[in-house]
Every structure is written in structure tokens, then in C-alpha cells.
There are 2 protein chains.
Amino acid sequence: MPRPRSLTPDLLAKAALAVIEREGPDGLSMRAVADELGMGTMSLYRYVQSREQLEALVVDHVLDPAQGGPDLDVGRARSWVDKATVLAVRAHAVATAHPAVAPLLLSRRHASIHSLRWGEALLGVLAEAGFAGERRAVAFRAIVAYVFGAVQLQQLGPLGGKGTAMIAALPREDFPLLAETARSARKIAPDAEFLSGLRLVLRGIAAK
Amino acid sequence: MPRPRSLTPDLLAKAALAVIEREGPDGLSMRAVADELGMGTMSLYRYVQSREQLEALVVDHVLDPAQGGPDLDVGRARSWVDKATVLAVRAHAVATAHPAVAPLLLSRRHASIHSLRWGEALLGVLAEAGFAGERRAVAFRAIVAYVFGAVQLQQLGPLGGKGTAMIAALPREDFPLLAETARSARKIAPDAEFLSGLRLVLRGIAAK
DNA sequence: ACCTGAACACCGTTCAAGT
DNA sequence: ACCTGAACACCGTTCAAGT
């Protein structure tokens with residue numbers, strides 16, 4: 001009789017997520033996840049072929065609409081700009097909600113089925129709006145680049161992280177504008193800033 | 001008599017760069033760089049406090065205008081849009097020229113003085129164009145997010161990397177638009193795509 | 001069938017020692 | 001002053017063995 005598997009991909013992802021949220025992004029290791037589950041390290045390899053695959057599991061879990069990931073239904077939005085905004089904001093919200101997972105999100109989102117579904121949904125919005133061929137491809141990639149560039153910026157950015165101390169310590173006379181911008185940016189909430197930037201990008205795409 | 005130091009930061013950066021270009025981004029290690037230089041591993045710690053600092057040295061070297069990094073002089077461009085385009089394209093070109101260094105560029109650019117100078121230059125262009133306060137901060141960050149998001153996308157993107165196989169293997173009926181876009185995107189050169197997207201972003205910022 | 005400890009080939013970094 | 005080997009506390013992963 002085969003013994004039943006004691007783990008599901010979902011349980012594995014949850015354990016890895018717990019490690020990341022407790023120890024930070026660098027705290028993730030096969031050994032740490034195994035400890036979290038009370039198993040030997042090598043037992044994980046029953047469920048996952050490599051650390052890379054475990055990371056993909058985490059990303060997939062976080063992006064799962066059934067687990068708090070971005071819902072792809074934009075039914076209520078009227079214009080295509082509103083619909084695209086909803087999708088972009090939801091993707092951004094996921095990264096903001098799990099800052100410690102963001103690095104993984106940036107490096108492994110392409111391996112997640114939910115990320116692909118999100119992309120397909122965004123392309124659907126653009127297609128419905130009449131974009132096709134190369135124009136649609138460029139618009140799509142511009143939005144995606146902005147969304148994930150913004151997530152990345154937020155990781156270092158004036159508010160969250162490592163950039164702050166650096167910029168605050170700038171010799172004011174060498175970088176007057178950067179210093180002033182850092183002060184300006186500190187007054188605006190990251191979500192509002194993301195939305196404002198997104199509006200600019202979408203406006204550029206909408207403009208004839 | 002103090003023995004003369006046998007290394008400069010520049011030589012160190014060059015050795016690390018050589019390792020990265022030869023072995024790929026993951027091949028970088030203190031031991032590998034020491035080998036490259038024919039020294040003991042620990043000798044590197046005479047010049048650098050940590051691996052992180054060595055990575056910063058590499059980024060700084062790659063972004064140094066005197067070493068092929070992005071020139072900040074936009075004298076010939078006429079409109080602010082043209083000037084911003086020149087700066088953005090040059091930053092993108094550096095990442096494209098050293099694809100193996102791009103991950104480092106993305107994660108450590110904030111620690112580089114040349115990156116700060118580039119930012120200050122871009123802010124100067126926006127300031128000259130009449131942008132101020134919050135509006136300037138948002139425009140600035142939108143451009144930066146797009147530029148580095150695009151670099152990141154190019155790392156995985158339909159052309160370069162790991163994304164390709166994945167997208168090519170997509171079940172066509174589940175992701176018709178993604179599949180079609182991948183085909184569309186394959187026909188357009190990455191540099192042209194970057195430029196087209198950048199134009200959209202800048203157009204959105206310029207629009208009243 | 002499922003789980004595991006020992007072992008291998010790596011890391012970055014501390015420390016005490018060599019010249 | 002400059003350089004270094006040994007050692008420590010980690011990694012991911014292979015393999016042969018336990019139940």
C-alpha cells in the first residue's frame with residue numbers, strides 16, 4: 001500500500017511563505033522550510049525538483065486569486081483605461097502586501113500560471129479596446145514594464161528600504177534635485193504614487 | 001615601508017566583470033574573482049568589505065561614463081522629450097550591452113554614484129521643462145520604473161531568455177493573445193520595442 | 001512509497017598567522 | 001602593511017539506506 005503523501009504543493013508554499021515573512025527573503029532555504037514543516041531536508045525533494053521550483057510554488061500561491069492574489073474580473077470598470085488600471089493596481093497590491101516576497105515575484109513570475117492569466121486578461125482589455133499587432137504588444141509590455149519596475153523601485157525606494165539612507169545622506173549641493181524629489185516623494189503614499197504614474201502611462205497609450 | 005597596494009577598485013571591478021561575462025551572473029564569487037586575479041580569496045577583503053560592496057564596484061564601473069557607461073550630456077537634443085529619450089536609451093543600452101550584469105544593475109544601481117548622477121540629469125531635464133514638486137516626482141519615477149522594468153522584462157523576455165520556451169509551449173487555446181503577442185514581439189527588435197514603449201510613456205507625461 | 005542522514009561541492013566571512 | 005590558509009557556519013543537491 002502506498003503511504004499517502006503528507007504534503008500538498010499548497011502546504012509547501014505556505015511553509016516557505018511563513019519562512020520568508022519571518023526571516024526575510026534571504027532566510028529562505030530548503031533546510032529552513034523543512035524545519036518549518038518538521039521534516040528532514042531531503043523530504044522536500046519528494047514534492048519539488050529544486051529550490052527554483054519551490055520558489056515558483058511560492059509565487060504561484062501568492063498570485064492565486066483563490067488565495068488573495070489578483071482577481072481578473074474587471075466587470076464593473078467602464079473604459080479600457082479603467083479596466084487596465086484595475087488589473088495593474090491589483091498586481092501592484094499583491095507585491096505591496098508581501099514585500100518580502102516581492103524579489104521572488106520579480107524573478108519568477110513568468111513561471112506562474114496565474115501570472116500568465118493576468119497577462120492574458122490585460123491583453124484582452126487592450127484587444128477589446130481595438131489594439132492589435134505590434135501596437136498591442138508595445139502597449140502591453142509598456143504597462144507590464146511600468147508595473148514591475150514600480151514594484152522594484154518600491155523595494156529600494158524612498159520609503160521602504162535601502163535607498164532612503166543613501167539619498168538622505170546625499171551631498172545636497174551635488175544632487176539638489178534628487179534631494180528635493182526624495183523629500184517630495186516622502187509626502188506621497190506609495191499607492192497613490194503608483195496610481196499617478198500608471199495614469200501617465202495609460203494616457204500615453206490612449207493618446208492618438 | 002608600506003608595501004604598495006597591488007589592486008585598485010577599477011582592477012577589482014574588471015576582474016569581477018570578467019568572471020561574470022565568462023561564467024554568468026551566478027558564477028560570481030569571492031573565490032572566483034580571487035582566482036581571476038591570482039590572489040588568495042581573503043586578499044580581496046583588503047579592498048572591499050563584503051561581496052555586496054564588490055557588486056557595487058561592478059555596477060559603478062559599468063555605469064561610469066569614462067568606461068562606456070551612459071554619457072549624461074544631452075546638449076544636442078532639442079525638446080525635453082528628446083533629452084529624456086537620450087538619457088533613457090543610454091541607460092537601457094548599458095544593460096543590453098552587459099546582459100549578464102543586468103541583474104546586478106537592477107539590484108544595486110542605487111548604491112552607484114553614477115546612477116545617482118543619471119537620475120539627477122533626468123530630473124534636470126524635467127525641471128527645465130517646467131515640472132516641479134509632486135508632478136516632477138511622479139514623472140521621474142514613472143520613467144525610471146519603465147526603464148528598469150523594461151530591462152527586467154528583457155531578461156526573461158520573449159527574445160533573451162527563460163520566458164521563451166515557456167510561452168512557446170503555452171496551450172494555445174488557453175492563452176491565445178499571449179501566444180499571438182509572443183509572435184508579434186519576436187518580429188520587433190528589443191531596442192525598437194524599448195523606444196516605442198518609452199515614447200508612449202513620455203507622451204503621457206507631456207500630455208496636458 | 002515515502003522519508004531521511006551522511007556526504008559532496010560549494011558559499012561568505014572571521015581569525016590568527018605568515019612575510 | 002599587505003597577503004593568506006585554515007576553519008566556521010552556512011548553502012543546494014546526490015546517494016544509499018531506513019521504515
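Order of the sequence lines fixes the chain letters, A, B, ..., with proteins taken first and strands second; residue numbering starts at 1 for each chain. Values reported hereafter were calculated over all heavy atoms of this structure, with side chains retained and with hydrogens, waters and symmetry mates removed.
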S.K.: Consider the side chain of B:Y45, meaning its heavy atoms from C-beta on, and name the nucleotide among C:dT13, D:dC3, D:dT13 that approaches it most closely.
M.R.: C:dT13

S.K.: Using the test side chain to side chain contact (heavy atoms under 4.5 Å, CB included), find all partners of B:Y45 that sit at least two apart in sequence or belong to another chain.
M.R.: B:M30, B:M42

S.K.: Could you check which residues of residues 35-44 of chain A get a heavy atom under 4.0 Å from DNA chain D? Sort them by number, please.
M.R.: A:T41, A:M42

S.K.: Can you list everything that forms a side chain to side chain contact (heavy atoms under 4.5 Å, CB included) with A:A84? Sequence neighbours excluded, please.
M.R.: A:W80, A:L122, A:V125, A:L202

S.K.: Is any side-chain N or O of A:Y47 closer than 4.0 Å to OP1 or OP2 of C:dC2?
M.R.: no

S.K.: Is it possible for you to check whether A:R117 lies under 6.0 Å from the centre of the six-membered ring of B:F175, through NZ or CZ, and within 45° of that ring's axis?
M.R.: no

S.K.: Is A:R141 salt-bridged to B:E193, cutoff N-O under 4.0 Å?
M.R.: yes

S.K.: Would you say B:P176 and A:E120 make side-chain contact, with heavy atoms under 4.5 Å?
M.R.: yes

S.K.: Of the listed nucleotides (C:dC3, D:dA7, D:dT13), which one gets closest to any side-chain atom of B:R31?
M.R.: D:dA7

S.K.: Please report the distance, rounded to the nearest Å, between CZ in B:R51 and C1' in C:dT13.
M.R.: 13 Å

S.K.: Measure the distance from CD on A:E23 to P on D:dA9 and round it to the nearest whole Å.
M.R.: 18 Å

S.K.: Let me know the distance between CE of B:M30 and C1' of C:dT14, rounded to the nearest Å.
M.R.: 13 Å

S.K.: Which pair of heavy atoms, one from B:H92 and one from B:P190, lies closest together, and at what distance?
M.R.: CE1-O, 4.4 Å

S.K.: Counting Watson-Crick and G-U wobble pairs with both distances under 3.5 Å, what is the dot-bracket string for DNA chain C, 5' to 3', using [ ] for crossing pairs and | for pairs to another strand?
M.R.: ||.|||||...|||||.||

S.K.: For B:V201, give me all partners under side chain to side chain contact (heavy atoms under 4.5 Å, CB included), at least two apart in sequence or on another chain.
M.R.: A:V201, B:Y146, B:I205

S.K.: Just N and O in the side chain of B:S29: are any of them under 4.0 Å from OP1 or OP2 of C:dC10?
M.R.: no

S.K.: Measure CD/B:Q49 against P/C:dG12 and give the value in whole Å, please.
M.R.: 16 Å

S.K.: On DNA chain D, does the nearest nucleotide to A:L28 precede the nearest nucleotide to A:R46 from the 5' side, or the other way round? Give the residue.
M.R.: A:L28

S.K.: Can you list every salt bridge (charged side-chain N to carboxylate O under 4.0 Å, His left out) pair that touches residues 23-48 of chain B, not counting sequence neighbours?
M.R.: B:R22-B:E36

S.K.: Give the minimum heavy-atom separation between A:L54 and A:A16, together with the two atoms involved.
M.R.: CD2-CB, 3.7 Å

S.K.: Provide, to the nearest angstrom, the distance between the CD atom belonging to A:E52 and the C1' atom belonging to D:dC11.
M.R.: 16 Å

